[in-house]
Amino acid sequence: MIIKKVNSVEEALKGVQDGMTFMLGGFGLCGIPENSINKLVELNVKNITCISNNAGVDDFGLGLLLKKKQIKKMISSYVGENAEFERQMLSRELQVDLIPQGTLAERCRAAQNGIPAFFTPAGYGTEVAEGKEVRDFNGKPHIMETAFQADFAFIKAWKGDEAGNLIFKGTARNFNPVMCGAAKVTVVEVEELVKPGELDPNFIHIPGVFVQRIFQGNNYEKRIEQRTVRDN
Amino acid sequence: MLDKIGIAKRIAQEVKDGYYVNLGIGIPTLVANYVRDDIQVEFQSENGILGMGPFPTEENVDADLINAGKQTITARKGASFFDSALSFGMIRGQHVDLTILGAMEVAQNGNIANWKIPGKMVKGMGGAMDLVGSAKNIIVAMMHTNKAGQSKLLKECSLPLTGVKCVTKIVTNLAVLEIVEGKFKLLERAPGVSVEEIKKATEGELFVPSEVPEMKI
């Protein structure tokens, strides 16, 4: 057994530097690595590139890094819920690469799986395809997309063991599993960190080989963007 | 003329037994409420659930269970969760039967624009480019004209495209139309709406068959 457990978020984020590229799991505010994000705000690392489906909201998630102007470039698929983001983008303070969500996921998965590039129909004939190689397969045009290259991946899982095996919960899974092992260093925070052997190997979503550091997270806020309910 | 709920009700009639369906944000989300309950249908949300159920009651709200519109939802019996890559594998691999999404503009050749107004509004394409790039059956739910009264059914899209030659059907507050051979073919009129009114509100080329029945909602 190889133990990946570290004792604090400080230890987990060791080596983080200005100018690096980070992957961050989550969809909206669901399944975001809250502890790691808060620590990045505190460390005040600058000029970072973030690969994340969304950009948080003004006062939570990646919005906290945006507010402090720590982000140089965002690579996302949808950024509609963040006024500060839109302001920085339209004023060109922030570079933004908007890419199709499936392409974003697959570029992570490709990095994780050692596939340098792939072809997808998503974005053909649109500005997303500009400058990219186009090839026909089965009579249909596809564009070539490449695997991401990132320094750190920040992941949030539900449960994990000290060997880095992970289980995700509900739709908080989203981009988290596909970013594991897609960067040079994968840092995972979990709601419940257990001893090896306590998780049933049949129900592991991501094996520990994709994880370098895992730590017990704290004080999860799990903010809800759109609280929609029905009557009993 | 239909309201948003009317559009959702009409589109719900397009959902057939055994379909896996992806619903976009806005009017499409409402479609789930009006699907016949004597058929088997599963709703996919691209953030990673198949078997999406209705909104939760207050005590069942779970921050770890949302749809692509970031709304809290529930999971139905037989539901499953998966990661984003597998979710788009389902979409790209054409395992999802029907995609329903909103649009800012649709062109008569089936092009669609729904993610960006240069210099003004950029929300991003989310999963829309993947959906329209692969889905076999794409229905657009939208108003026939914009707030300024200009047609959204055009000869050519003026906004940055989301996808090319991909839309199959459009349901608006005025009509149901199909894309056939580079034209909008008028299939049905909304209750109380004349063919003349639809012609006037459609900038793209409109093919009007000899008979255009009124929708049954």
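None of these values were measured; they are calculated from a predicted model. A note on names: the letters A, B, ... follow the listed sequences, proteins ahead of strands, and every chain is numbered from 1.
Ranked by heavy-atom pairs shorter than 4.5 Å toward chain B, the options A:Asn54, A:Ile99, A:Leu104 are led by A:Ile99. Among A:Pro100, A:Ser76, A:Ala122, the residue making the largest number of heavy-atom pairs under 4.5 Å with chain B is A:Pro100. In terms of heavy-atom pairs under 4.5 angstrom with chain B, the leader among A:His205, A:Arg227, A:Arg223 is A:Arg227. Highest contact tally toward chain B, considering only A:Thr228, A:Leu98, A:Asn53, is held by A:Thr228 [criterion: heavy-atom pairs under 4.5 Å]. Per-residue heavy-atom pair counts under 4.5 Å with chain A were compared for B:Ala79, B:Gly124, B:Ser84, and the maximum is reached by B:Ser84. For the options B:Val122, B:Leu131, B:Thr162, heavy-atom pairs under 4.5 Å to chain A are most numerous at B:Val122.
Proximity to chain B involves both the backbone and the side chain of A:Arg230, based on heavy atoms less than 4.5 angstrom apart. Within the 4.5 angstrom heavy-atom criterion, no atom of A:Leu29 approaches chain B. For A:Asp231, the part lying near chain B is the backbone, with the side chain staying farther off; criterion is any non-hydrogen pair under 4.5 Å. Neither the backbone nor the side chain of A:Gln112 comes within contact range of chain B; no heavy atom of the residue lies under 4.5 Å from a heavy atom of that chain. Looking at A:Val128, the atoms closer than 4.5 Å to chain B (heavy atoms on both sides) all sit in the side chain, from C-beta outward.
Atom CG of B:Asn47 and atom CD of A:Gln101 lie 7.5 Å apart (nearest 0.5 Å). With values rounded to the nearest 0.5 angstrom, A:Asn174 atom CG is found 11.5 Å from B:Phe82 atom CZ. How far CH2 of B:Trp115 is from OG1 of A:Thr126: 7.0 Å, rounded to the nearest 0.5 Å. If you take CD on B:Glu46 and OG1 on A:Thr171, they are separated by 11.5 Å, rounding to the nearest 0.5 Å. For the atom pair OG1 (A:Thr120) and CE (B:Met129), the distance works out to 11.5 Å, reported to the nearest 0.5 Å.
Surrounding NZ of A:Lys132 are more than 12 heavy atoms belonging to other residues, nucleotides or ligands, all under 6.0 Å away. Annotation for B:Glu156: atom CD does not count as buried by contact number, only 12 or fewer foreign heavy atoms lying within 6.0 Å. Other residues, nucleotides and ligands contribute only 12 or fewer heavy atoms inside 6.0 Å of the NZ atom of A:Lys184. Atom NZ of B:Lys16 sits in a crowded spot, with more than 12 heavy atoms from other residues, nucleotides or ligands closer than 6.0 Å. Residue A:Phe119 qualifies as enclosed at atom CZ: its count of foreign heavy atoms under 6.0 Å is above 12. The local environment of CD in A:Gln226 is crowded, with over 12 non-hydrogen atoms from other residues, nucleotides or ligands closer than 6.0 Å. At most 12 heavy atoms of other shown residues, nucleotides or ligands fall within 6.0 angstrom of atom CG in A:Asn138. The environment of A:Asn219 atom CG is sparse: at most 12 non-hydrogen atoms of other residues, nucleotides or ligands sit within 6.0 angstrom.
Contacts with chain A (heavy atom to heavy atom, under 4.5 Å) involve these residues of residues 53-73 of chain B, listed by number: B:Pro54, B:Phe55, B:Pro56, B:Thr57, B:Glu58, B:Glu59, B:Val61, B:Asp62, B:Ala63, B:Asp64, B:Leu65, B:Ile66, B:Asn67, B:Ala68, B:Gly69, B:Lys70, B:Gln71, B:Thr72. Using non-hydrogen atoms only and a strict 4.5 Å limit, the part of residues 133-151 of chain B facing chain A consists of B:Gly133, B:Ser134.
For the pair A:Tyr124 and B:Val164, the minimum side-chain heavy-atom distance is below 4.5 Å. By the 4.5 Å heavy-atom criterion applied to side chains, B:Lys123 and A:Val79 are not counted as neighbours.
A salt bridge between B:Lys116 and A:Glu127 is present, with a side-chain N of the basic residue lying under 4.0 Å from a carboxylate O of the acidic one.
Smallest separation of non-hydrogen atoms from A:Pro177 and B:Asp83: CG-CB, 3.8 Å.
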